[in-house]
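Sequential numbering from 1 along the given sequence is applied to the chain's residues.
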Amino acid sequence: MIPDTPPLSTSLHPAAGPVVVFDFDGTVCLGDGPVLAYAEAACARMPAADARSVRSRFEDWMAGRSSEHHADAYVALAALARPILGDELSEAYLDSRRRLVHDDLGVRPPEGLTALLDELAEAGVRRALLTNSPAVGMDETLVHLGVRGRFDQIVVGAKKPSRMPEHLRVLLGDEPAHHLVSIGDNWRNDVAPAVELGAVGMLITGAWGDSTLPPQALAVQRGHHLSELLPALRRFAADAEAFAPSRDLAR
């Protein structure tokens, strides 16, 4: 564990005030390197013909040439590879995460993230990171991104979306639901559970835009990149109560 930083955990405690919950891949951590390493590890475990087919179809999906709709690149790859690899796909994923211990795989933070995290802390807003990724490689990646000491709680292996409502309720404690913002690039994992709880959902649509979103996702704060959501997050930090009436307004 890195000194003076919260430990990586699998559980949370009440935030005791307004809180912003961040997803990791595609939200705090940008870059295709990790998912490409995942694809490489998966294809290395397949017969050659299967590997060629999966690699080609995954490249088509990443380039926007596929008609298949998936929440993100990890889901897309799993849909292609799991019928071939079964449970072995999990080992391929862990192999890709182990690479992050020694190789940052070209990941980067979104523009404005570190300044935002500092501003939230100054405003008394707690900062939580919830990711389905395992602990393997997480410390090293967060250090590389410059955010390891900028979260108050970090949960790995979060098991979103099934455990997301539980995580959010624990974070809220006795706070009203609208004192929590959950932001991420996966509607089902990161945003829908918050909206259902009455909290504030903010969705990063990334390269895929609004074309694959369910109708209810169009009624939350959203932007192609985190930078487009910074003004809304700053308004929330300044006054969560004043922000509450606009929590369901799209950009």
Q: Of the non-hydrogen atoms in A237 and A123, which two are nearest, and what is the gap between them?
A: O-CB, 3.8 Å
Q: Do L113 and V28 make a side-chain contact, defined as non-hydrogen atoms from C-beta onward lying under 4.5 Å apart?
A: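 Contact flag for L113/V28 side chains = yes.
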Q: Without swapping roles, check the side chain of S227 against the backbone of E111 for a donor-acceptor pair under 3.5 Å.
A: no
Q: Does the H167 side chain pair with the main chain of A158, one donor and one acceptor, at a distance under 3.5 Å?
A: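 It does hold such a pair.
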Q: Check the pair T141 / C29 against side-chain contact (heavy atoms from CB on, under 4.5 Å), numbers first and verdict last.
A: CA-CA 8 Å; T141 304; C29 181; 4.2 Å; yes
Q: Would a distance-only check, ignoring hydrogens and angles, find a side-chain to backbone donor-acceptor pair under 3.5 Å from E228 to H224?
A: yes
Q: Between D25 and S133, do the side chains contain a donor N or O and an acceptor N or O under 3.5 Å apart?
A: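 There is such a pair between these side chains.
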Q: Work out which heavy atom in S96 is nearest to a heavy atom in P34; give both atom names and the distance.
A: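 Closest pair (atom of S96, atom of P34, distance): CB-O, 4.1 Å.
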Q: Between P134 and L94, is there a side-chain heavy-atom distance shorter than 4.5 Å?
A: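 Side chain of L94 against side chain of P134, heavy atoms only: contact under 4.5 Å found.
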Q: Can you give me the closest heavy-atom contact between I183 and T27, atom names plus distance?
A: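 Between these two residues, the closest heavy atoms are O-CG2, 4.0 Å.
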Q: How long is the straight-line distance from CE of M202 back to CG of L230, given to the nearest 0.5 Å?
A: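 Going from the CG atom of L230 to the CE atom of M202 covers 10.0 Å.
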Q: Do K160 and D23 meet the salt-bridge criterion of a basic N to acidic O distance under 4.0 Å?
A: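 A salt bridge is present here (some side-chain N lies under 4.0 Å from a carboxylate O).
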Q: Within the structure provided, determine whether R148 and I154 are in side-chain contact (heavy-atom separation under 4.5 Å).
A: yes
Q: Find out if a path of hydrophobic residues (ILVMFWY) with successive side-chain heavy-atom gaps under 4.5 Å connects L180 to L130.
A: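 Linked, L180 and L130 end up in one cluster.
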Q: I'd like to check L129 versus Q153 (side-chain heavy atoms, cut-off strictly below 4.5 Å). Are they in contact?
A: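 No, too far: nothing below the 4.5 Å cut-off.
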Q: How long is the span from the CZ atom in R98 to the OH atom in Y93, to the nearest 0.5 Å?
A: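 These two atoms lie 11.5 Å from each other.
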Q: Could you go through L105 and R99, starting from their C-alpha distance and side-chain angles, then the distance that decides it, and tell me whether this counts as side-chain contact (heavy atoms from CB on, under 4.5 Å)?
A: CA-CA 8 Å; L105 298 176; R99 285 186 59 182; 3.4 Å; yes
Q: Without swapping roles, check the side chain of S56 against the backbone of S53 for a donor-acceptor pair under 3.5 Å.
A: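 The answer is no, because no donor-acceptor pair under 3.5 Å joins these two groups.
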Q: Backbone N or O of V107 within a donor-acceptor pair of the H144 side chain at under 3.5 Å?
A: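 Checking the backbone N and O of V107 against the side chain of H144, a donor-acceptor pair under 3.5 Å is found.
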Q: Quick check for you: to the nearest 0.5 Å, what is the distance between H69 atom NE2 and W61 atom CH2?
A: 10.5 Å
Q: Do the side-chain N and O atoms of E140 and H102 include a donor-acceptor pair separated by under 3.5 angstrom?
A: no
Q: Are Y38 and D95 side-chain neighbours, meaning at least one heavy-atom pair lies under 4.5 Å?
A: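 No, side chains not in contact.
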Q: Go through the steps for V155 and T131 under the test side-chain contact (heavy atoms from CB on, under 4.5 Å), then give the verdict.
A: CA-CA 6 Å; V155 163; T131 176; over 6 Å; no
Q: Determine, stepwise, if the pair R169 / L197 fulfils side-chain contact (heavy atoms from CB on, under 4.5 Å).
A: CA-CA 8 Å; R169 285 192 293 268; L197 193 64; 3.9 Å; yes
Q: Do M164 and N189 make a side-chain contact, defined as non-hydrogen atoms from C-beta onward lying under 4.5 Å apart?
A: no
Q: Any carboxylate oxygen within less than 4.0 angstrom of a Lys/Arg side-chain nitrogen, looking at E68 and R57?
A: yes
Q: At what distance, to the nearest 0.5 angstrom, does CG of L120 lie from CZ of F236?
A: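 The CZ atom of F236 is 8.5 Å from CG of L120, to the nearest 0.5 Å.
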Q: In terms of hydrophobic clustering (I, L, V, M, F, W, Y; side-chain heavy atoms under 4.5 Å; direct or indirect links), are L172 and V200 co-clustered?
A: no
Q: Which pair of heavy atoms, one from L233 and one from L116, lies closest together, and at what distance?
A: CD1-CD2, 3.6 Å
Q: Would you say F24 and L229 are hydrophobically clustered, going by side-chain heavy atoms of ILVMFWY under 4.5 Å?
A: yes
Q: For residues F58 and V35, report the shortest heavy-atom separation together with the two atoms involved.
A: CZ-CG2, 4.0 Å
Q: Does G146 offer a backbone N or O that forms a donor-acceptor pair with the side chain of R150 under 3.5 Å?
A: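 Yes, because the side chain of R150 sits within donor-acceptor range (under 3.5 Å) of the backbone of G146.
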Q: Return the CG to CD1 distance between D72 and I204, rounded to the nearest 0.5 Å.
A: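 Reported to 0.5 Å precision, the distance equals 12.0 Å.
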Q: Does D190 reach the side chain of F22, with side-chain heavy atoms less than 4.5 Å apart?
A: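 When only atoms from C-beta onward are counted, F22 and D190 do not touch, as no gap falls below 4.5 Å.
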Q: Report whether V181 and V147 are members of the same hydrophobic cluster (ILVMFWY, side-chain heavy atoms less than 4.5 Å apart, transitive linking).
A: yes
Q: Linking I/L/V/M/F/W/Y whenever their side-chain heavy atoms sit closer than 4.5 Å, directly or via other members, would F151 and L100 fall into one cluster?
A: no
Q: How many angstroms lie between atom CG of L85 and atom CG of L80, to the nearest 0.5 angstrom?
A: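 So the CG of L85 and the CG of L80 are separated by 11.0 Å.
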Q: If you take all heavy atoms of P165 and S162, which pair is closest and at what distance?
A: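 Closest approach of P165 to S162, heavy atoms only: CD-O, 3.7 Å.
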Q: State, with a plain yes or no, whether a side-chain heavy atom of F243 is found less than 4.5 Å away from one of Q221.
A: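 Yes, at least one pair of side-chain atoms sits under 4.5 Å.
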Q: Between R127 (side chain only) and L117 (backbone N and O only), is there a donor and an acceptor less than 3.5 Å apart?
A: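 Answer holds: yes.
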